[in-house]
Novice: 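Mind looking over this structure? Questions follow.
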Amino acid sequence: MKGLNFDLGTVVYSNTVEAWLVALGVLLGVLIVLRIIKQVVIVRLARLTVQTSTIADDLLINALKKTKLIYLFIVSVFAGSVFLELPSDVRTILWRTTIIATLIQAGIWLSEALMTWLQHYRERQLEQDAASVMTMNALGIIGRIVLWATVLMLALDNVGVDVTALVAGLGIGGVAVALAIQNILGDLFASLSIVLDKPFVIGDFIAVGDHLGSVENIGIKTTRLRSLSGEQLVFANGDLLSSRIRNFGRMYRRRVVFGIGVVYQTSHEQLERIPSVIQEAIERHAQTTFDRSHFATYGDSSLDFETVYYVESPDYNAYMDIQQAINLELFRRFEELGIEFAYPTRTLFVEHTDAPGTPAGD
């Protein structure tokens, strides 16, 4: 059997077989080298991150991990094409494809670095300043939109699209789109208003109408609360800002007003002692600040006292524990002093009159 003769000088598509083999070898070599460089750099940076506390190396390693194989292949193809004689239009296509792939890959790197930084910021600041975390989340979304819009504009400009005319056309079309989705845009701008004005932040306990819950998430269109009974409440941001919101998360102290009533048979001396007894019962607790206690009104069936004090804590359970202790102490003291609590009563007076013609005394 005769051996096959293979001429490396054979011309195929304007290049010799030898040139094609060289280009293929360069393609594979560059692809392998780039993959090795990627892995080596990632491994070395991973070791470095363990030894340092800075965020810069974390940003770099997470960004490099997002390097796409298709991008490395496109770069390798372009490197191999340098050793070939190609028509100008083909070389232009390869060059523009490489530029666009580089722009997209750069966008992926920057986007991943931004998300890594935001995650690090959230973990560090969430317990200290939830408002700043919410602001940075919104700015992160805006930053990614601007980043990819810039990548898109540069890519379109690279392929010869008139970006100026495109932007003008998008501006006109944007008006029509805005009119069609004005409710969604309303919620979007309401989200920005929440982020910038900060009427509440993640973790705050708020009341919206008859609904109460802890803020779990503030999104672009909706805000989600976790109610006391466990279910998730979802509010459109626009509806939320048009409502009256009570933010218990901003409460630093709780003002408490309560009243008690005693029977009309209570003596004058006992009435005078009641405010001081109430004050003593309140001041027994370290977290309370007494304000006032007065004999306020004559009720239908009771002599009513009104008392005001402050609990120096926003915790509802702490307030209820203190109020319960005060109630028990007042019950004990009133029992010692012989003061009776009033309850709704009605006294009926019956007047006897003599019937006409009845002798007096009968």
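FYI, the numbering just counts along the sequence from 1. When reading the values below, keep in mind they use all heavy atoms of this one structure, side chains included, and skip hydrogens, waters and symmetry mates.
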Novice: Closer than 3.5 angstrom, by distance alone: can the side chain of Asn247 be matched with the main-chain N or O of Gly249 as a donor-acceptor pair?
Specialist: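 Side chain of Asn247 to backbone of Gly249, a donor-acceptor pair under 3.5 Å: yes, one is there.
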
Novice: Would you please say whether a donor-acceptor pair under 3.5 Å links the side chains of Thr289 and Glu312?
Specialist: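 The criterion, which ignores hydrogens and geometry beyond distance, is satisfied for Glu312 and Thr289.
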
Novice: With a 4.5 Å limit on heavy-atom distance, are the side chains of Val308 and Arg255 in contact?
Specialist: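 Side chain of Val308 against side chain of Arg255, heavy atoms only: contact under 4.5 Å found.
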
Novice: With the 4.5 Å side-chain cut-off for hydrophobic clustering, are Val263 and Leu303 part of the same group?
Specialist: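 The answer is no; the residues belong to distinct hydrophobic clusters.
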
Novice: Between Ser301 and Tyr343, is there a side-chain heavy-atom distance shorter than 4.5 Å?
Specialist: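 Tyr343 does not reach Ser301 side chain to side chain.
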
Novice: State, with a plain yes or no, whether a side-chain heavy atom of Leu94 is found less than 4.5 Å away from one of Leu86.
Specialist: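 Result yes, sub-4.5 Å side-chain heavy-atom pair found.
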
Novice: Is it the case that more than 12 heavy atoms not belonging to Glu283 sit under 6.0 Å from its CD atom?
Specialist: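 Check passes, neighbour count above 12.
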
Novice: Please check: side-chain N/O of Thr288 versus main-chain N/O of Arg284, any donor-acceptor pairing under 3.5 Å?
Specialist: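 No; zero donor-acceptor contacts below 3.5 Å.
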
Novice: Strictly below 4.0 Å, N to O, side chains only: are Arg333 and Glu280 in salt-bridge contact?
Specialist: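 Yes, Arg333 and Glu280 are salt-bridged.
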
Novice: Transitively linked via ILVMFWY side-chain contacts under 4.5 Å: Phe205 with Ile245?
Specialist: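 Result: no, two separate clusters.
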
Novice: Give me the atom names and distance for the closest heavy-atom approach of Gln105 to Lys68.
Specialist: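 Residues Gln105 and Lys68, closest heavy atoms: OE1-N, 3.0 Å.
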
Novice: Compare every heavy atom of Ile61 with every heavy atom of Ile42, then report the nearest pair and how far apart it is.
Specialist: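 Distance-wise, the nearest heavy atoms are O-CD1, 3.4 Å.
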
Novice: Within the 3.5 Å criterion, strictly below it, is a donor on Thr98 or Arg96 matched to an acceptor on the partner's side chain?
Specialist: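 No - no donor-acceptor pair under 3.5 Å links their side chains.
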
Novice: Which value, rounded to the nearest 0.5 Å, describes the distance between Leu152 atom CG and Leu147 atom CG?
Specialist: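 Taking CG in Leu152 and CG in Leu147, the distance rounds to 11.5 Å.
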
Novice: Under a plain distance cut-off of 3.5 Å, with no hydrogens placed, do Thr266 and Gln270 share a side-chain donor-acceptor pair?
Specialist: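 Absent: no donor and acceptor within the cut-off.
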
Novice: Counting only heavy atoms from other residues, nucleotides and ligands, does the tally under 6.0 Å from OH of Tyr264 exceed 12?
Specialist: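 More than 12 within 6.0 Å, yes.
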
Novice: Does Val43 belong to the same Ile/Leu/Val/Met/Phe/Trp/Tyr cluster as Ile32, with side-chain heavy atoms less than 4.5 Å apart forming each link?
Specialist: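 No, Val43 and Ile32 fall in different hydrophobic clusters.
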
Novice: Between Ser111 and Gly107, is there a donor-acceptor pair closer than 3.5 Å when you use the side chain of the first and the backbone of the second?
Specialist: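 No; zero donor-acceptor contacts below 3.5 Å.
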
Novice: So, Asp239 side chain and Ala236 main chain: donor-acceptor pair closer than 3.5 Å or not?
Specialist: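 Flag not set: sc Asp239 to bb Ala236 has no pair under 3.5 Å.
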
Novice: Apply side-chain contact (heavy atoms from CB on, under 4.5 Å) to Phe200 and Leu240, showing your working.
Specialist: CA-CA 11 Å; Phe200 52 83; Leu240 195 61; 3.3 Å; yes

Novice: Report the C-alpha distance between Ile206 and Arg246 in whole Å, list the side-chain angles of each, state the deciding distance to 0.1 Å, and finish with yes or no for side-chain contact (heavy atoms from CB on, under 4.5 Å).
Specialist: CA-CA 5 Å; Ile206 65 174; Arg246 291 182 293 165; over 6 Å; no

Novice: With salt bridge (Lys or Arg N to Asp or Glu O under 4.0 Å) as the criterion, how do Glu306 and Arg292 come out once you've worked through the C-alpha distance, each side chain's angles and the decisive distance to 0.1 Å?
Specialist: CA-CA 8 Å; Glu306 184 180 78; Arg292 62 178 178 83; 2.8 Å; yes

Novice: Within a strict 4.5 Å, meaning less than it, do heavy atoms of the Phe73 and Val30 side chains meet?
Specialist: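 Result no, sub-4.5 Å side-chain heavy-atom pair not found.
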
Novice: Please check if the number of heavy atoms outside Asn327 that lie under 6.0 Å from its CG is greater than 12.
Specialist: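 Yes - once you tally the heavy atoms of other residues, nucleotides and ligands closer than 6.0 Å, there are more than 12.
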
Novice: Is the closest side-chain donor-acceptor distance between Ser302 and Asp304 under 3.5 Å?
Specialist: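 The criterion, which ignores hydrogens and geometry beyond distance, is satisfied for Asp304 and Ser302.
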
Novice: Is it true that Phe248 and Leu233 fall in one hydrophobic cluster, defined by side-chain heavy atoms closer than 4.5 Å?
Specialist: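 They do not share one cluster, since no chain of ILVMFWY contacts under 4.5 Å joins Phe248 to Leu233.
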
Novice: Do Trp148 and Ile108 have side chains that get closer than 4.5 Å, going by heavy atoms?
Specialist: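 Yes; the side chains approach each other to less than 4.5 Å.
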
Novice: Could you check whether the rings of Phe341 and Phe331 sit parallel, tilted or perpendicular, using 30° and 60° as the cut-offs?
Specialist: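 Parallel.
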
Novice: Within the structure provided, determine whether Ser293 and Gln279 are in side-chain contact (heavy-atom separation under 4.5 Å).
Specialist: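 They are not in side-chain contact.
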
Novice: For residues Arg254 and Asp315, report the shortest heavy-atom separation together with the two atoms involved.
Specialist: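 Minimum heavy-atom separation between Arg254 and Asp315: NH2-C, 4.4 Å.
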
Novice: When rounded to the nearest 0.5 angstrom, what distance separates CD1 in Ile278 from CZ in Phe290?
Specialist: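 Spacing of CD1 (Ile278) from CZ (Phe290) equals 7.5 Å.
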
Novice: What closest approach, in Å, do Ala155 and Leu103 show between heavy atoms, and which atom pair accounts for it?
Specialist: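 Scanning both residues, the minimum pair turns out to be N-CD1, 3.8 Å.
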
Novice: Counting only N and O atoms by type, is there a donor-acceptor contact under 3.5 Å from the side chain of Asn237 to the main-chain atoms of Gly219?
Specialist: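 Flag set: sc Asn237 to bb Gly219 pair under 3.5 Å.
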
Novice: Applying side-chain contact (heavy atoms from CB on, under 4.5 Å) to Gln232 and Leu225, what does each step give before you reach the verdict?
Specialist: CA-CA 6 Å; Gln232 189 178 70; Leu225 311 182; over 6 Å; no

Novice: Is it true that Tyr310 and Leu330 fall in one hydrophobic cluster, defined by side-chain heavy atoms closer than 4.5 Å?
Specialist: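 Unlinked, Tyr310 and Leu330 end up in two clusters.
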
Novice: Which of these, Leu72, Val26, Ile36, sits in a side-chain contact (heavy atoms from CB on, under 4.5 Å) with Leu31?
Specialist: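 Passing option: Leu72.
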
Novice: Could you tell me whether the side chains of Arg226 and Ser214 share a donor-acceptor contact shorter than 3.5 Å?
Specialist: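 No.
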
Novice: Is any side-chain heavy atom of Ser313 less than 4.5 Å from a side-chain heavy atom of Tyr319?
Specialist: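 In short, these two side chains do not touch, never coming nearer than 4.5 Å.
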
Novice: When rounded to the nearest 0.5 angstrom, what is the spacing between CG in Leu59 and CG in Leu64?
Specialist: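 Answer for the CG-CG pair, Leu59 versus Leu64, is 11.0 Å.
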
Novice: Assess the residue pair Val257 and Thr307 against the criterion (side-chain contact (heavy atoms from CB on, under 4.5 Å)); give the C-alpha distance rounded to whole Å, side-chain angles, the decisive distance to 0.1 Å, and a yes or no.
Specialist: CA-CA 6 Å; Val257 181; Thr307 302; over 6 Å; no

Novice: Treating Ser81 as the side-chain partner and Phe78 as the backbone partner, does any N or O pair qualify as donor plus acceptor under 3.5 Å?
Specialist: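 Answer holds: yes.
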
Novice: Any side-chain heavy atom of Phe258 sitting closer than 4.5 Å to one from Tyr309?
Specialist: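 The answer is yes; the side chains approach within 4.5 Å.
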
Novice: In Å and rounded to the nearest 0.5 Å, what is the OG1 to CG distance from Thr116 to Leu60?
Specialist: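 These two atoms lie 10.5 Å from each other.
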
Novice: Can you see which heavy atom on Leu69 is nearest to which on Arg35, and at what distance?
Specialist: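 Smallest interatomic distance, heavy atoms only, reads CD1-NH1, 3.4 Å.
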
Novice: Quick check: does any side chain N or O of Lys66 sit under 3.5 Å from a backbone N or O of Glu112, one acting as donor and the other as acceptor?
Specialist: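 Answer holds: no.
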
Novice: Looking at every non-hydrogen atom in both residues, tell me the closest pair between Pro314 and Tyr252 and how far apart they are.
Specialist: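 Here Pro314 and Tyr252 meet closest at CD-O, 3.9 Å.
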
Novice: To the nearest 0.5 Å, what is the distance between OG on Ser76 and CG on Leu28?
Specialist: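 If we round to the nearest 0.5 Å, Ser76:OG and Leu28:CG are 8.5 Å apart.
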
Novice: Which distance, rounded to the nearest 0.5 Å, do you find between the CD of Gln323 and the NE2 of His285?
Specialist: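 Reported to 0.5 Å precision, the distance equals 9.0 Å.
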
Novice: Going by atom types only, do Glu340 and Gln265 share a side-chain donor-acceptor pair under 3.5 Å?
Specialist: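 Judged by distance alone, the side chains do not pair up.
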
Novice: Could Glu336 and Arg332 be called an ion pair, given the rule that one side-chain N must be under 4.0 Å from one carboxylate O?
Specialist: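 Salt bridge flag = yes for Arg332 with Glu336.
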
